[in-house]
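Inspection log for the structure reproduced underneath, given as structure tokens.
All values below were derived from every heavy atom in this structure, side-chain atoms included, with hydrogens, water molecules and symmetry-related copies excluded.
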Amino acid sequence: GEDLVLTIDRNMQEVVEKALKDGVETFLAESGSAIVIDPYTGEILAMASYPTFDPNAPVSAATRAKRNDIVSLAFEPGSIFKLVTAATAIETKSVDPKTVFSGEKGRWVLDNGDVIRDTHDHGDMDMTAAMAMSSNIVFAKIADLVGDKRFYRYVRSFGFGSKPSELPGEESGRLKPTHEWSGRTLKTMGFGHEILVTPLQMVMAFCAIANGGKLMQPTIIREWRSADGEVLERKKPEEVRRVVSEKTAARVRSMLREV
């Protein structure tokens with residue numbers, strides 16, 4: 001019989017839903033998802049997936065539309081995962097951010113014959129330039145210098161491979177244990193391949209860099225109230241763990257501004 005107050009900002013939710021619908025229709029996409037979170041509290045301010053459906057008539061809705069892709073869609077993140085690679089390399093002092101790497105003229109042939117490519121030959125780059133140019137080759141090299149055990153530990157610490165909240169239908173993604181890694185897994189995971197994440201996991205990792213290095217617990221509940229409006233319980237922000245230092249987070253934020 002208590003009233004539940006959500007963290008959703010009604011105005012922001014309206015803006016997000018319209019922008020998402022316009023984006024999906026403009027680019028003829030199959031679907032789209034968007035989420036807005038306060039990085040300091042973990043509060044979900046807006047969350048939407050498109051196509052959507054009328055909850056008053058769920059029977060007529062397509063099965064896909066009933067899913068909340070924010071928590072249930074496991075996908076290979078690609079270049080947005082470079083944030084985790086950079087933060088790990090800096091935090092563990094595995095790589096000096098000023099170190100310049102060869103861009104291999106846009107095509108790096110590994111010892112086993114596999115090839116890692118960039119979209120263009122970006123020349124030689126340090127970590128900031130590699131982030132700005134989104135170089136797969138340089139981030140593969142950075143991950144290699146971090147090493148499999150340390151990289152796996154920090155990827156886990158950022159929340160990947162486990163469910164970040166208790167929202168219905170949530171998936172944990174897929175983070176293979178190191179004994180299942182091939183000779184190229186470490187390198188390719190450095191630029192977001194060979195790992196599956198959910199949008200919620202990914203945005204919480206970005207929130208950790210935005211707020212100074214803390215992984216927060218995402219929540220959609222702000223408070224519970226009695227029938228006459230009295231606040232019975234107010235949910236406080238919950239820090240899961242510190243993943244990187246404030247100094248590391250600030251360094252990664254400066255890199256992201258160059259993108």
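Hydrophobic clustering (ILVMFWY, side-chain heavy atoms < 4.5 Å, transitive): Ile220 and Phe206 are in one cluster. In the hydrophobic clustering of ILVMFWY residues, with side-chain heavy atoms under 4.5 Å counting as a link, Phe191 and Trp108 come out together. Taken together through direct or relayed side-chain contacts under 4.5 Å among Ile, Leu, Val, Met, Phe, Trp and Tyr, Val146 and Val243 form part of one hydrophobic cluster. Both Phe101 and Met127 sit in one connected hydrophobic cluster of ILVMFWY residues. Membership requires side-chain heavy atoms under 4.5 Å apart, directly or through other members. Both Ile8 and Val71 sit in one connected hydrophobic cluster of ILVMFWY residues. Membership requires side-chain heavy atoms under 4.5 Å apart, directly or through other members.
The backbone N or O of Gly212 sits less than 3.5 Å from a side-chain atom of Arg242, completing a donor-acceptor pair. With hydrogens and angles disregarded, no donor-acceptor distance shorter than 3.5 Å links the side chain of Gln201 to the backbone of Pro164. At least one donor-acceptor pair under 3.5 Å links the side chain of Arg241 to the backbone N or O of Ser157. Distance alone, capped at 3.5 Å, is enough to place a donor-acceptor pair between the Gln13 side chain and the Met47 backbone. Using a distance-only test at 3.5 Å, with no hydrogens or angles considered, no donor-acceptor pair links the side chain of Asn136 to the main chain of Ile116. Within the 3.5 Å criterion, the main-chain N or O of Ser245 finds a donor-acceptor partner in the side chain of Glu91. For the pair Asp3 (side chain) and Ala227 (backbone), a donor-acceptor distance under 3.5 Å is absent. Side chain of Glu171 to main chain of Lys163: no donor-acceptor pair is present (N/O by atom type, distance under 3.5 Å, no hydrogens or angles). Using modelled atom types, no side-chain atom of Asp69 and backbone atom of Ser49 make a donor-acceptor pair closer than 3.5 Å.
No more than 12 heavy atoms of other residues, nucleotides or ligands lie within 6.0 Å of CG in Asp111, so this atom counts as exposed by the packing criterion. Within a 6.0 Å sphere centred on CD of Glu25, heavy atoms belonging to other residues, nucleotides or ligands number more than 12. Other residues, nucleotides and ligands contribute more than 12 heavy atoms inside 6.0 Å of the NZ atom of Lys141. Atom CD of Glu2 has more than 12 heavy atoms from other residues, nucleotides or ligands within 6.0 Å.
Glu170 and Thr198 form no side-chain donor-acceptor contact under 3.5 Å, judged by distance and modelled atom types alone. In this structure, a donor-acceptor pair under 3.5 Å is present between the side chains of Thr185 and Glu194. Side chains of Lys82 and Ser134: a donor-acceptor N/O pair is present below 3.5 angstrom, by distance only.
Counting heavy atoms from C-beta on, the side chains of Pro97 and Ile90 come closer than 4.5 Å. Put simply, the side chain of Ile44 reaches to within 4.5 Å of the side chain of Leu167, judged on heavy atoms.
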Worksheet item: Please walk me through it: do Met216 and Cys207 pass side chain to side chain contact (heavy atoms under 4.5 Å, CB included)?
Response: CA-CA 8 Å; Met216 301 300 293; Cys207 283; 5.9 Å; no

Hey, mind stepping through Lys176 and Arg174 against side chain to side chain contact (heavy atoms under 4.5 Å, CB included) and telling me if it holds? CA-CA 6 Å; Lys176 295 187 292 185; Arg174 172 77 167 128; 3.7 Å; yes

Using the rule given for salt bridge (charged side-chain N to carboxylate O under 4.0 Å, His left out), can you reason through Asp126 versus Lys98, listing the C-alpha separation, both sets of side-chain angles and the distance that settles it, and then say yes or no? CA-CA 6 Å; Asp126 63 9; Lys98 295 180 181 177; over 6 Å; no

- Message: Does Ile80 form a side chain to side chain contact (heavy atoms under 4.5 Å, CB included) with Val197? I'd like the steps, not just the answer.
- Response: CA-CA 11 Å; Ile80 54 175; Val197 309; 5.9 Å; no

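We find the CG-OG1 distance between Leu145 and Thr88 to be 13.0 Å, quoted to the nearest 0.5 Å. Atom CG of Asp144 and atom NZ of Lys187 lie 3.5 Å apart (nearest 0.5 Å). The distance from atom CG of Leu186 to atom OG1 of Thr85, rounded to the nearest 0.5 Å, is 9.0 Å. Here the CG-CE distance, from Asp121 to Met133, works out to 11.0 Å after rounding to the nearest 0.5 Å. For the atom pair CG (Leu20) and CD1 (Ile35), the distance works out to 12.0 Å, reported to the nearest 0.5 Å. Atom OG of Ser226 is separated from atom CG of Leu232 by 5.0 Å, given to the nearest 0.5 angstrom.
The side-chain contact (heavy atoms from CB on, under 4.5 Å) test with Leu200 is passed by exactly one of Pro218, Ser72, Ser33: Pro218.
Residue Asp118 comes nearest to His122 through the heavy atom pair OD2-CD2, 4.0 Å, listed as atom of the first residue, atom of the second, then distance. Residues Ile70 and Ala34 approach most closely at CD1-O, 3.5 Å, considering heavy atoms. Between Ala74 and Leu196, the shortest heavy-atom contact is CB-CB, 4.2 Å.
Among residues two or more places apart in sequence or in another chain, the salt bridge (charged side-chain N to carboxylate O under 4.0 Å, His left out) test is passed with Glu17 by none. Applying the salt bridge (charged side-chain N to carboxylate O under 4.0 Å, His left out) criterion to Arg234, with sequence neighbours excluded, gives Glu223. For Arg253, there are no salt bridge (charged side-chain N to carboxylate O under 4.0 Å, His left out) partners at least two apart in sequence or on another chain. Considering only residues two or more places apart in sequence or on other chains, Lys105 meets the salt bridge (charged side-chain N to carboxylate O under 4.0 Å, His left out) condition with none of them.
Under the 4.5 angstrom side-chain criterion for Ile, Leu, Val, Met, Phe, Trp and Tyr, Tyr40 has no cluster partners at all.
Applying the ring-ring contact (aromatic ring centres under 6.0 Å, His included) test to residues at least two apart or on different chains, the pairs with a partner in residues 138-170 are Phe81-Phe160.
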